[in-house]
Undergrad: 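To start, I am sharing the structure in question, which I have written as structure tokens.
Just so you know, these numbers come straight off a predicted model, no measurement behind them. For this chain, numbers begin at 1 and follow the sequence in order. We use all heavy atoms of the structure for the numbers below, so side chains are in, but hydrogens, waters and symmetry mates are not.
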Amino acid sequence: MTDGLWLVVGLGNPGAQYAGNRHNVGQMVLDELAARHGGSFSAHRSRASVAEVRLGVLPGGVPGPRVVLAKPSTYMNTSGGPVAGLTQYFQVEPDHVLVVHDELDIPFGDVRCKIGGGEGGHNGLRDISKALGTKDYLRVRTGIGRPPGRMDTADFVLKDFGTVERKELPFLIDTSADAVEMVVTEGLEKAQMAFHTKK
């Protein structure tokens with residue numbers, strides 16, 4: 001699982017007005033990963049900001065796998081073009097692509113990992129699947145929960161996290177970043193065992 005270069009993509013919308021939205025939690029996780037590993041983002045011709053880092057440490061103190069962290073600079077529902085462009089530029093196969101995204105079907109604070117499957121109405125994922133020609137890429141699903149009452153889903157994901165959520169948000173981002181590191185360094189199965197088990 002650890003051989004070769006990885007592409008880790010954090011989904012969101014560009015611009016300061018969206019930065020704190022629930023829909024942008026994937027990009028928040030990538031900012032955390034870059035901060036942990038001394039990476040800094042710069043513009044890439046594939047319409048994304050990228051930072052190259054090594055994630056984790058392998059046995060014997062060997063630096064972990066090389067990873068390109070990428071935040072598409074397009075809007076969420078056109079994320080596929082930048083992701084496909086980056087896979088071609090860096091010659092990364094879909095099984096070494098990991099997408100970090102907000103997930104309505106998971107309670108706020110929980111994190112799940114998977115490969116393939118449906119997109120659950122997530123337009124960013126749908127566009128990536130279409131652009132890559134496959135759904136068989138890895139996902140770290142960061143739980144944001146369902147909208148309260150009759151609030152429209154689109155309104156909910158494009159709002160900032162609530163006051164109570166904001167207190168817990170650093171823990172959610174931290175856990176999601178840990179999940180990314182474990183998928184890349186130890187494999188999906190170990191990550192699922194670690195993060196899908198209630199503590």
Side-chain angles (χ1 to χ4, degrees), residues 1-2 4-14 18 21-34 37 39 41 44 46-53 55 65-106 110-144 157 172-173 175-189 191-192 195-196:
M1 203 69 185
T2 57
L5 180 68
W6 285 80
L7 175 65
V8 176
V9 180
L11 295 188
N13 285 308
Y18 297 108
N21 288 181
R22 293 181 178 93
H23 226 15
N24 275 48
V25 74
Q27 296 199 349
M28 297 175 200
V29 173
L30 259 66
D31 288 337
E32 168 63 21
L33 287 165
H37 298 285
F41 287 96
H44 190 273
S46 295
R47 294 175 296 153
S49 294
V50 303
E52 293 191 49
V53 299
L55 282 195
R66 284 180 56 227
V67 174
V68 175
L69 303 174
K71 300 189 290 185
S73 51
T74 58
Y75 284 98
M76 175 70 85
N77 57 3
T78 53
S79 300
V83 174
L86 289 164
T87 60
Q88 288 160 16
Y89 182 87
F90 289 104
Q91 297 183 308
V92 178
E93 293 299 320
D95 68 349
H96 271 52
V97 174
L98 190 161
V99 178
V100 189
H101 64 91
D102 57 304
E103 179 58 73
L104 288 160
D105 292 329
I106 296 172
D110 287 357
V111 175
R112 298 285 181 269
C113 312
K114 75 171 188 174
I115 187 167
E119 293 98 0
H122 196 294
N123 291 330
L125 291 177
R126 187 178 292 131
D127 201 58
I128 290 169
S129 298
K130 185 177 170 189
L132 293 180
T134 181
K135 295 181 179 185
D136 292 334
Y137 52 89
L138 291 145
R139 300 108 188 258
V140 166
R141 306 159 73 207
T142 300
I144 61 169
V157 299
L172 177 59
I173 290 169
T175 302
S176 299
D178 289 346
V180 171
E181 291 197 20
M182 187 172 274
V183 170
V184 169
T185 58
E186 298 186 52
L188 177 62
E189 219 170 290
Q192 288 175 329
F195 292 95
H196 297 198

Undergrad: Under 3.5 Å, side chain of Ser73 to main-chain N/O of Arg47, donor-acceptor pair present?
TA: yes
Undergrad: Please check if the side chain of Glu181 supplies one atom and the backbone of Leu55 the other of a donor-acceptor pair under 3.5 Å.
TA: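 Checked: no pair found.
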Undergrad: Evaluate His44 against Phe90 for ring-ring contact (aromatic ring centres under 6.0 Å, His included), listing each step before the verdict.
TA: CA-CA 11 Å; His44 190 273; Phe90 289 104; 5.5 Å; yes
Undergrad: With side-chain contact (heavy atoms from CB on, under 4.5 Å) as the test, would you mind laying out the steps for Phe41 and Leu30 before giving the verdict?
TA: CA-CA 10 Å; Phe41 287 96; Leu30 259 66; 4.1 Å; yes
Undergrad: For residues Thr185 and Pro65, determine if any side-chain heavy atom of one lies less than 4.5 Å from a side-chain heavy atom of the other.
TA: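 Yes, side chains in contact.
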Undergrad: Apply side-chain contact (heavy atoms from CB on, under 4.5 Å) to the pair Met76 and Tyr18, showing each step before the final yes or no.
TA: CA-CA 11 Å; Met76 175 70 85; Tyr18 297 108; over 6 Å; no
Undergrad: Side-chain contact test, heavy atoms from C-beta onward, threshold under 4.5 Å: evaluate it for Ile128 versus Leu11 and give yes or no.
TA: yes
Undergrad: So, does Asp136 use its side chain to make a donor-acceptor pair with the main chain of Gly116 at under 3.5 Å?
TA: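 Absent.
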Undergrad: Closer than 3.5 angstrom, by distance alone: can the side chain of Asp127 be matched with the main-chain N or O of Gly80 as a donor-acceptor pair?
TA: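 Side chain of Asp127 to backbone of Gly80, a donor-acceptor pair under 3.5 Å: yes, one is there.
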Undergrad: List the residues meeting side chain to side chain contact (heavy atoms under 4.5 Å, CB included) with Asp105, not counting sequence neighbours, and say none if there are none.
TA: Glu103, Arg146
Undergrad: Test of understanding: with side chain to side chain donor-acceptor pair (under 3.5 Å), list the residues that count as partners of Asp102, not counting sequence neighbours.
TA: His23, His122
Undergrad: Do Val111 and Val140 come close enough that some side-chain heavy atom pair is under 4.5 Å?
TA: yes
Undergrad: Can you confirm whether Ser176 sits close enough to Val180 that some side-chain heavy atom of one is under 4.5 Å from a side-chain heavy atom of the other?
TA: no
Undergrad: Would you say Ser46's side chain and Ala48's backbone share a donor-acceptor pair under 3.5 angstrom?
TA: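 Side chain of Ser46 to backbone of Ala48: no pair is present.
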Undergrad: Taking the side chain as every heavy atom from C-beta outward, state whether Asn21 and Val157 have any atom pair closer than 4.5 Å.
TA: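 No, their side chains stay 4.5 Å or more apart.
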Undergrad: Could you tell me if the side chain of Asp178 sits less than 4.5 Å from the side chain of Phe195, heavy atoms only?
TA: yes
Undergrad: Not counting sequence neighbours, which residues clear salt bridge (charged side-chain N to carboxylate O under 4.0 Å, His left out) with Arg22? List them please.
TA: Glu165
Undergrad: Taking all non-hydrogen atoms of both residues into account, name the closest pair between Leu5 and Val92 and its distance.
TA: O-CG1, 3.9 Å
Undergrad: Before giving the answer on side-chain contact (heavy atoms from CB on, under 4.5 Å), spell out for Trp6 and Val53 the whole-Å C-alpha distance, their side-chain angles and the decisive distance to 0.1 Å.
TA: CA-CA 10 Å; Trp6 285 80; Val53 299; over 6 Å; no
